[in-house]
2 protein chains.
Amino acid sequence: MVAAADTLSQTFAALADPTRRAILGRLAEGEATVSQLAEPFDVTLPAITKHLKVLERAGLVERSKRAQWRPCRLKAAPLRDAAGWIADYRRFWEASLDRLDAYLQKVQAELPADPKNKKGSQRGRK
Amino acid sequence: MVAAADTLSQTFAALADPTRRAILGRLAEGEATVSQLAEPFDVTLPAITKHLKVLERAGLVERSKRAQWRPCRLKAAPLRDAAGWIADYRRFWEASLDRLDAYLQKVQAELPADPKNKKGSQRGRK
DNA sequence: CGTTTATTTTACCTTCTGGTTATTTTACCC
DNA sequence: GGGTAAAATAACCAGAAGGTAAAATAAACG
């Protein structure tokens, strides 16, 4: 425990499920009720309710009451923060920097690695 | 099961833990061994090994062997895809669009509230 | 060879997750 | 009020997560 359920963790955890990502995708097209959201998926409604609760706790979805419906709409603010966190790593994947970096680290890893390289004689146990 | 553990889900799941994000942060400064990575945290080494395995399976970390050390380095490629997914929602949080959108959806929510759109003629999705 | 250092593996435990079915609640409608 | 549709809740379950302590590997070193 102690996990503290920080906002960023909740956001990423919410995004770590394909069903939930699809729900957000659907909500990007506009408000939808729970049944409408559930329709494309092969799961029961309570399962969708749970997913929505996760999304709601993560601040990614907001719900209102309209008659017996509970329409949901997208709230993208947490995505801004998530994108912000990831953006710090942009330089690592941009251009060939990733490969260059890998190369440099590999060289750095190889040089001071084997001053002698002895062979062990232990070989038959498991 | 059936979840298929798609790449994006694995990436987001890996990022959903503060310890793992901190590990990535440390690796952004350069290669590090397991013990070095573990040092700032109040957890045992096996816990770090597990976190590293998660990061490795997500393709965010690559490891090599150097003597008895297993130096880790950052691989940011999956972050590019994650950033790409989130970027699709950029318009929802930018500027005042979020509030405007909320307003529009609220209005939209209030107006067509009462018609007798009962059986499946709501929207015809699918 | 035996020791030491670095890391992984092996149980094992507890909590969280995602799913289910069955039952309630909520609110409209006649 | 009774019926009906939408959604939530309750109770339950299997499996994954994150953690631990203790034992096992791996590789340098003396």
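Basis for what follows: all heavy atoms, side chains included, without hydrogens, waters or symmetry-related copies. Numbers restart at 1 for each chain; the letters A, B, ... are given by sequence-line order, proteins then strands.
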Practice problem: Examine dG19(C): is either OP1 or OP2 under 4.0 Å from a nitrogen or oxygen in the side chain of Thr44(A)? Give yes or no. | Solution: no

**Prompt:** Looking only at side chains, do Arg66(B) and Thr33(B) share a donor and an acceptor under 3.5 Å apart?
**Reply:** no

Between CZ of Phe12(B) and C1' of dA16(D) the distance, given in whole Å, is 20 Å

Looking only at heavy atoms, the pair that brings Ala83(A) and Trp93(B) closest together is CB-CH2, 3.9 Å

Please tabulate the protein-to-nucleotide N/O contacts below 3.5 Å involving nucleotides 3-6 of chain C, giving atom names and distances.
{"from": "dA6(C)", "atom 1": "O3'", "to": "Gln68(B)", "atom 2": "O", "distance (Å)": "3.4"}

Any Phe92(B) side-chain heavy atom under 4.5 Å of Lys75(A) side chain: no

note: Leu45(B), atom CG; dA21(D), atom P; distance rounded to Å ~ 12 Å

* Look only at the side chain of Arg26(A) and the backbone of Arg21(A), and say whether a donor-acceptor pair between them is shorter than 3.5 Å. => no

To the nearest angstrom, the CG-C1' distance between Asp42(A) and dG18(C) comes to 14 Å

Margin query: Using the rule that Ile, Leu, Val, Met, Phe, Trp and Tyr join whenever any side-chain heavy atoms are under 4.5 Å apart, tell me whether Val54(A) and Val34(A) fall into a single cluster.
Written below: no

All N/O contacts under 3.5 Å from nucleotides 10-13 of chain D to the protein, with atom names and distances to one decimal?
none

Are Val61(B) and Trp69(B) joined in one hydrophobic group, where the rule is that I, L, V, M, F, W and Y side chains link up if heavy atoms are under 4.5 Å apart? no

*In terms of hydrophobic clustering (I, L, V, M, F, W, Y; side-chain heavy atoms under 4.5 Å; direct or indirect links), are Phe41(B) and Leu37(B) co-clustered?*
yes

The residue, Ala47(A) or Gln36(B), whose nearest nucleotide of DNA chain C is more 5′ is Gln36(B)

Leu37(B) CG to dT8(C) P, in whole Å, measures 10 Å

Closest heavy-atom pair, Ser9(B) versus Pro18(A), reported as atoms and distance to 0.1 Å, is OG-CD, 3.3 Å

Note: contacts of residues 51-61 of chain B with DNA chain C (heavy atom, under 4.0 Å) are Lys53(B)

Taken to the nearest whole Å, CG/Leu15(B) to C1'/dA17(D) is 16 Å

Here the distance between atom P of dC16(C) and atom CG of Asp17(B), to the nearest Å, is 14 Å

Legend entry - dC28(C) phosphate, OP1 or OP2, under 4.0 Å from Arg66(A) side-chain N/O: no

- Ser64(A) side chain reached by Arg73(A) side chain, heavy atoms, under 4.5 Å: yes

Here the distance between atom C1' of dA6(D) and atom CZ of Arg63(A), to the nearest Å, is 11 Å

Output for pair (Gln36(A) CD, Leu27(A) CG), nearest 0.5 Å, gives 10.0 Å

Contacts of Lys65(A) and Thr19(A) projected onto DNA chain C by closest heavy atom; the upstream (5') one is Thr19(A)

If we ignore hydrogens and angles and just use 3.5 Å, is the side chain of Arg63(A) paired with the main-chain N or O of Pro71(A) as donor and acceptor?
no

